[in-house]
Every structure is written in C-alpha cells, then in structure tokens.
Amino acid sequence: MEGNRARFGTAVRQKAEEAMGQGGTVAKNYWLVKSEEDVYSIRDLARDGVTGWEGVRNYEARNLLRDRMKVGDEVLFYHSNGRPPGVAGIARVVREGYPDPTAFDAASPYFDPRSRPENPRWFQVDLAFVEAFPRIVGLDEIRGVPQLAGMALLRRPRLSVQPVSPEEFRLVVEMGRKG
DNA sequence: GCCAACGTTGGC
DNA sequence: GCCAACGTTGGC
C-alpha cells in the first residue's frame, strides 16, 4: 500500500554503514514490511535505491516505525497481493523515524488533517535496497515451515510493519536465495 | 469507556 | 470480486 518517491541515497547510506560499523553494543533488529506488488515492488526499490516508507496508517505499525526501527536493521520485503504473495527480497533501514510528509499533503492519498507538523501523528523510515531474491518465498511455503509458525505474518494478518526474529529472518533469506 | 457500524487489508 | 478478520471511529 505504501506508494513512494525516491530519495538521495549517498549520505544516509554512509550513515548506515558507520552505524553498523560501530561494533554492536546494540543487537540488530529484523522486520518485515508489506507492499502491494503492483503499487511498490522490490524492483521499484532496486531502481530507486532508497525510498521513504510513507503511508502507513496503523498505530502499532507507526510505533515500530517511530520508536523501534534503527539504522542498519534489516527488513524482509513482502509483496502483498502478489502472484504469489510472499517475501521478495531484503531492504535496510537507512534513516530512523521522522514525520510522514504525505500526511500533511492535501493532494496525497495518505493525507490526514489530524496530523500536524507541530504534532505529527504518522511516521516513516527510509529503506534502502539490499537484494532481490531469485524467487519469491511464498506465503503458502512459509506456512509449511514449522520454525516459521510463530511469524507475525501468519499470526497478525493486516499488520503492515512487523518484527521478525533473527532466526526467522535467517531462514526466510536462506529459502529466498535458493533459486 | 463501551461497542456497533464502518472501512481496510489482503488472500483466495 | 468476494468476504473474513480486525482495526478505527464515533454516538451514547
């Protein structure tokens, strides 16, 4: 659902790499974000390099974007309404939560007059392209793996930004890289 | 602050 | 295109 616009990438990417090189007093976190394949796909992210993850209008997802997602965190990129629906690749957080400008824009489909610049209601992060899998890790396939039964993807339908455990992340990536 | 109506998500 | 699940809104 998150429609999008490209943003400059070099400075934020450098910041991300610096943060990751800081020697890890804080463990990296993992996430999954959903996007409708025909609205904004992993191919669009590959083309853009970096994008603002705008348009999220759910409070639980908002809280994760605003408070929990950190530079360097890795993100499974999920195609909802895909053929098939499934995880298509990996992105990385390169800018932490900041007010979603589309909420202030009356011309945007994500406009929300209740969000004011002096008291913003909706937040976004910037995500950078990392890789596209050679194949989609389908929702049905994920359902079939016992170690993935706890994924929020299966337990929390409709939540468009959600946490993923390190083990879940590792497994899904392994599946996706197998052609 | 309850909860029915409403709207959205997203698989099928 | 259908519709179940479920989050949000708003009347009271």
Side-chain angles (χ1 to χ4, degrees), chain A residues 1-5 29-48 51-69 73-91 93 97-127 129-130 132-165 168-169 171-176 178:
Chain A
M1 178 58 88
E2 285 66 63
N4 270 286
R5 185 93 343 116
N29 288 310
Y30 299 93
W31 311 96
L32 179 148
V33 299
K34 298 179 185 173
S35 185
E36 292 182 50
E37 183 177 15
D38 55 7
V39 174
Y40 196 84
S41 72
I42 191 76
R43 297 173 294 281
D44 294 312
L45 184 59
R47 178 199 64 214
D48 292 344
T51 196
W53 205 250
E54 67 198 27
V56 174
R57 297 292 178 267
N58 166 281
Y59 289 102
E60 189 171 349
R62 185 280 309 269
N63 292 345
L64 298 176
L65 291 167
R66 186 188 60 191
D67 305 331
R68 303 269 318 277
M69 295 176 81
D73 286 356
E74 291 194 88
V75 181
L76 297 175
F77 194 110
Y78 180 87
H79 284 169
S80 52
N81 289 317
R83 295 171 303 276
V87 178
I90 305 175
V93 178
Y98 62 99
D100 180 342
T102 65
F104 309 137
D105 177 3
S108 168
Y110 304 126
F111 177 58
D112 183 351
R114 300 168 303 178
S115 185
R116 304 300 312 157
E118 63 274 16
N119 185 21
R121 178 176 299 224
W122 304 116
F123 287 74
Q124 66 183 61
V125 297
D126 285 353
L127 296 181
F129 175 76
V130 174
F133 296 149
R135 69 187 190 89
I136 301 292
V137 181
L139 178 61
D140 56 350
E141 190 180 350
I142 290 172
R143 283 205 189 97
V145 178
Q147 299 97 303
L148 298 179
M151 283 189 78
L153 182 67
L154 305 181
R155 295 171 167 271
R156 293 296 313 280
R158 315 195 329 141
L159 187 61
S160 68
V161 178
Q162 49 183 256
V164 172
S165 78
E168 290 161 353
F169 184 87
L171 244 177
V172 171
V173 170
E174 184 179 82
M175 291 161 71
K178 276 185 197 151

When rounded to whole Å, the CG to C1' distance for the pair D38(A) and dG11(B) reads 14 Å
For dG10(B), does either OP1 or OP2 sit under 4.0 Å from a side-chain N or O belonging to K34(A)? yes
L153(A) CG to dG10(B) P, in whole Å, measures 9 Å
message = Is a donor from one side chain sitting under 3.5 angstrom from an acceptor on the other, for S115(A) and R57(A)?
response = no
- Query: Is the count of non-hydrogen atoms from other residues, nucleotides or ligands lying under 6.0 Å from R121(A) atom CZ greater than 12?
  - Reply: yes
Between Y59(A) and N81(A), the residue closer to the 5' end of DNA chain C by nearest nucleotide is N81(A)
E37(A) atom CD is separated from dT9(B) atom C1', nearest whole Å, by 16 Å
Closest of dG11(B), dC6(C), dT8(C) to the P157(A) side chain is dC6(C)
Rounded to whole Å, the CG-C1' distance (L154(A) to dG10(B)) equals 14 Å
Check: Is the closest basic N to carboxylate O distance between R143(A) and D140(A) below 4.0 Å?
Finding: no
Counting any heavy atom closer than 4.0 Å, what does R83(A) reach on the DNA or RNA strands: base, sugar-phosphate only, or nothing? nothing
When rounded to whole Å, the CG to C1' distance for the pair D140(A) and dC12(B) reads 12 Å
Taken to the nearest whole Å, CG/D112(A) to P/dT8(B) is 12 Å
- Query: Given dT8(B), is OP1 or OP2 found less than 4.0 Å from the side-chain N or O atoms of Y110(A)?
  - Reply: no
Heavy atoms of V56(A) and R62(A) approach each other most closely as CG1-N, 4.4 Å
Here the distance between atom P of dT9(B) and atom CZ of R57(A), to the nearest Å, is 11 Å
Between R143(A) and dC12(B), is there a side-chain N or O to OP1/OP2 distance below 4.0 Å? yes
- prompt: Do D44(A) and S41(A) have side-chain N/O donor and acceptor atoms under 3.5 Å apart?
  reply: yes
Here the distance between atom C1' of dT8(C) and atom CZ of R158(A), to the nearest Å, is 9 Å
Q) Would you say R156(A) reaches dG7(C)'s phosphate, i.e. side-chain N/O to OP1/OP2 under 4.0 Å? A) yes
* For dT9(C), does either OP1 or OP2 sit under 4.0 Å from a side-chain N or O belonging to R114(A)? -> yes
